[in-house]
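Basis for what follows: all heavy atoms, side chains included, without hydrogens, waters or symmetry-related copies. Remember, it's a predicted structure, so these values are computed and weren't measured experimentally.
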Amino acid sequence: GNTSEEYLRILRNVPTQTAAAYMRVSNPVNSSKLSLVEKGICEGIKCKSEELVIKKQGLYLIYCHLNFHFPNCSNSPTDLKVELLVNDKVNRQTLFTWCAAETCQEKTFKTLFQLHLTYLNVKDRISVTLNHPKFLNEISLPNENVLGVLRYS
């Protein structure tokens, strides 16, 4: 099934009085910071176009699930860097090097999932950036690219 939709359904049915956000992300217009699409959950967190803003301090789990599509094989490696930002500063990053090999097919797909547990204050801003946003797969898996935040109570 559609994993993203299943998570969204579960989060909607969890009885909670704490903060949670679960937003689809898409390619940015003129930057490396991904845009948030107004589809999902935004409870106790301010959801803006490119960032989530914390309303209540506490311990938060931030997660980001992204799907990538490399349309053509390349003879040189491509470094793909995903950064979780808090107040525009890198708080967690993942580096994946995609290399073309003898087994390279016409198209290649890759999924990256990042988790980060951190203490956040009121007005802290959370966002995600990519160094190569053109590889974000918005065609075949647009709803599977998400940025989420859960506050522990």
Side-chain angles (χ1 to χ4, degrees), residues 1-71 77-98 107-153:
N2 186 330
T3 306
S4 178
E5 295 299 322
E6 288 173 13
Y7 290 153
L8 188 59
R9 185 172 29 82
I10 290 167
L11 287 172
R12 282 191 175 134
N13 292 319
V14 172
T16 180
Q17 293 185 0
T18 188
Y22 185 81
M23 302 293 289
R24 192 178 101 191
V25 296
S26 66
N27 275 327
V29 178
N30 290 321
S31 77
S32 61
K33 194 181 281 190
L34 296 181
S35 298
L36 298 177
V37 178
E38 291 184 27
K39 178 184 180 186
I41 292 173
C42 195
E43 299 287 334
I45 295 174
K46 186 175 182 180
C47 297
K48 297 171 73 175
S49 63
E50 291 183 338
E51 57 194 13
L52 303 172
V53 182
I54 300 302
K55 291 184 177 180
K56 189 173 184 180
Q57 71 181 21
L59 187 62
Y60 285 82
L61 177 68
I62 305 169
Y63 57 95
C64 187
H65 182 256
L66 301 173
N67 292 281
F68 299 95
H69 173 229
F70 300 93
T78 301
D79 287 332
L80 186 63
K81 184 167 55 171
V82 179
E83 295 177 328
L84 288 178
L85 306 178
V86 175
N87 300 324
D88 294 324
K89 293 180 184 170
V90 176
N91 210 261
R92 174 68 57 146
Q93 61 186 350
T94 299
L95 182 64
F96 169 75
T97 302
W98 181 74
K107 299 180 200 173
T108 303
F109 297 91
K110 185 69 180 172
T111 297
L112 292 178
F113 186 74
Q114 192 172 47
L115 287 170
H116 183 47
L117 185 64
T118 188
Y119 188 86
L120 297 171
N121 293 306
V122 175
K123 296 186 181 177
D124 277 352
R125 297 171 288 112
I126 302 159
S127 56
V128 62
T129 63
L130 294 176
N131 63 335
H132 295 293
K134 64 184 177 188
F135 294 125
L136 187 66
N137 185 358
E138 293 189 287
I139 297 168
S140 54
L141 296 170
N143 293 327
E144 297 300 312
N145 298 313
V146 295
L147 172 64
V149 176
L150 292 172
R151 181 177 178 271
Y152 282 94
S153 55

_I need the minimum non-hydrogen distance between Val25 and Glu138, along with the two atoms involved._
O-OE2, 4.2 Å
*asked:* For Thr129 and Lys33: C-alpha separation, side-chain torsions, deciding distance, then whether side-chain contact (heavy atoms from CB on, under 4.5 Å) applies.
replied: CA-CA 4 Å; Thr129 63; Lys33 194 181 281 190; 4.0 Å; yes
*Test side-chain contact (heavy atoms from CB on, under 4.5 Å) on Leu150 and Tyr63 and set out the steps.*
CA-CA 9 Å; Leu150 292 172; Tyr63 57 95; 4.3 Å; yes
*Mind listing the closest non-hydrogen atom pair of Lys46 and Lys55 along with its distance?*
N-CE, 3.9 Å
_Which heavy atom of Ser26 sits nearest to which heavy atom of Leu136, and what is that distance?_
C-CD2, 4.0 Å
*To the nearest 0.5 Å, what is the distance between CE (Met23) and SG (Cys64)?*
13.0 Å
*asked:* Could you check whether any side-chain heavy atom of Leu147 comes within less than 4.5 Å of a side-chain heavy atom of Ile62, counting everything from C-beta outward?
replied: yes
*What distance separates Leu95 CG from Leu80 CG, expressed to the nearest 0.5 Å?*
8.0 Å
*Considering non-hydrogen atoms only, spot the tightest contact between Asn131 and Lys81 and give its length.*
OD1-N, 2.7 Å
*What's the spacing between His65 NE2 and Gln114 CD if we round to 0.5 Å?*
12.0 Å
_Check against side-chain contact (heavy atoms from CB on, under 4.5 Å), Asn145 and Leu34_ = CA-CA 10 Å; Asn145 298 313; Leu34 296 181; over 6 Å; no
*asked:* What's the separation between atom CG in Asn121 and atom CG in Asn87, rounded to the nearest 0.5 Å?
replied: 8.5 Å
*Distance-minimising heavy-atom pair for Ala20 and Ile41*: O-CG2, 3.9 Å
*Mind checking whether Leu52 and Cys47 have side chains closer than 4.5 Å, heavy atoms only?*
yes
*asked:* side-chain contact (heavy atoms from CB on, under 4.5 Å), that's the test. Do Leu120 and Ile126 meet it? Break it down for me.
replied: CA-CA 10 Å; Leu120 297 171; Ile126 302 159; 3.5 Å; yes
*Atom pair CZ/CG of Arg125 and Leu85 - distance to nearest 0.5 Å*: 9.0 Å
*Nearest heavy-atom pair of Asp88 and Ser127: which atoms, and what distance?*
OD1-OG, 4.5 Å
*Mind checking the CG-CZ spacing from Leu115 to Arg92? Nearest 0.5 Å is all I need.*
9.0 Å
